Amino acid sequence: MNKVPLVSAQLETVTALQSKLDTLRKSIGVADRGSVLYRSEVSYGEEECIVVEADGLGGAVLRRVTGRYPTDCLSLEEHEYATEFEAVKAAELRRLELAA
């Protein structure tokens, strides 16, 4: 956390780098860090849900949480995956396992 505001040159550099990163992510099909790629209740009316969040580097994290995601929840389970696709597929399977 910075305590001093960025000077104009620093702000321009950060803005330019972020723009390049956004363009690169879009061109290779990678979601922004923290983007929710999948979210589903384990079963209707339950507070427990399965969530997949992108790590911004092509991978993702699958979380099983209870409570009000994302602000007031407890993580019950967490798994990291090398690709976003793998994480979403695993989330779909996990939800089916838990709902059975």
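Keep in mind that this is a model prediction, so the values were computed, not measured. For the single chain, residues carry numbers from 1 onward in sequence order.
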If you measure from OG1 on Thr83 to CG on Leu57, what distance do you get to the nearest 0.5 Å?
13.0 Å

Would you say Glu80 has more than 12 foreign heavy atoms packed within less than 6.0 Å of its CD?
no

Which value, rounded to the nearest 0.5 Å, describes the distance between Asp55 atom CG and Arg33 atom CZ?
7.5 Å

Review item, side-chain donor-acceptor pairs of residues 90-100, under 3.5 Å, at least two apart:
from	atom 1	to	atom 2	distance (Å)
Arg94	NE	Glu77	OE1	3.2
Arg94	NE	Glu77	OE2	3.0
Arg94	NH1	Glu97	OE1	3.0
Arg94	NH2	Glu77	OE1	3.1
Arg95	NE	Ser40	OG	3.4

Between Val65 and Ser75, which heavy-atom pair has the shortest distance, and what is it?
CG1-CA, 4.0 Å

Does the side-chain contact (heavy atoms from CB on, under 4.5 Å) test come out yes or no for Tyr81 and Val52, once each step is laid out?
CA-CA 10 Å; Tyr81 291 88; Val52 175; over 6 Å; no

Residues passing the salt bridge (Lys or Arg N to Asp or Glu O under 4.0 Å) test with Glu48, sequence neighbours excluded, are Arg64

Which of these, Leu62, Val51, Val88, sits in a side chain to side chain contact (heavy atoms under 4.5 Å, CB included) with Tyr38?
Val88

Got a list of side-chain donor-acceptor pairs under 3.5 Å for residues 19-27, not counting sequence neighbours?
from	atom 1	to	atom 2	distance (Å)
Asp22	OD1	Gln18	NE2	2.8
Thr23	OG1	Ser19	O	3.0
Arg25	NE	Gly56	O	2.9
Arg25	NH2	Gly56	O	2.9
Ser27	OG	Leu24	O	2.9

Using atom types as modelled and distance alone, determine if a side-chain donor or acceptor of Glu84 lies under 3.5 Å from a backbone N or O of Leu37.
no

Mind checking the CG-CZ spacing from Leu76 to Arg63? Nearest 0.5 Å is all I need.
12.0 Å

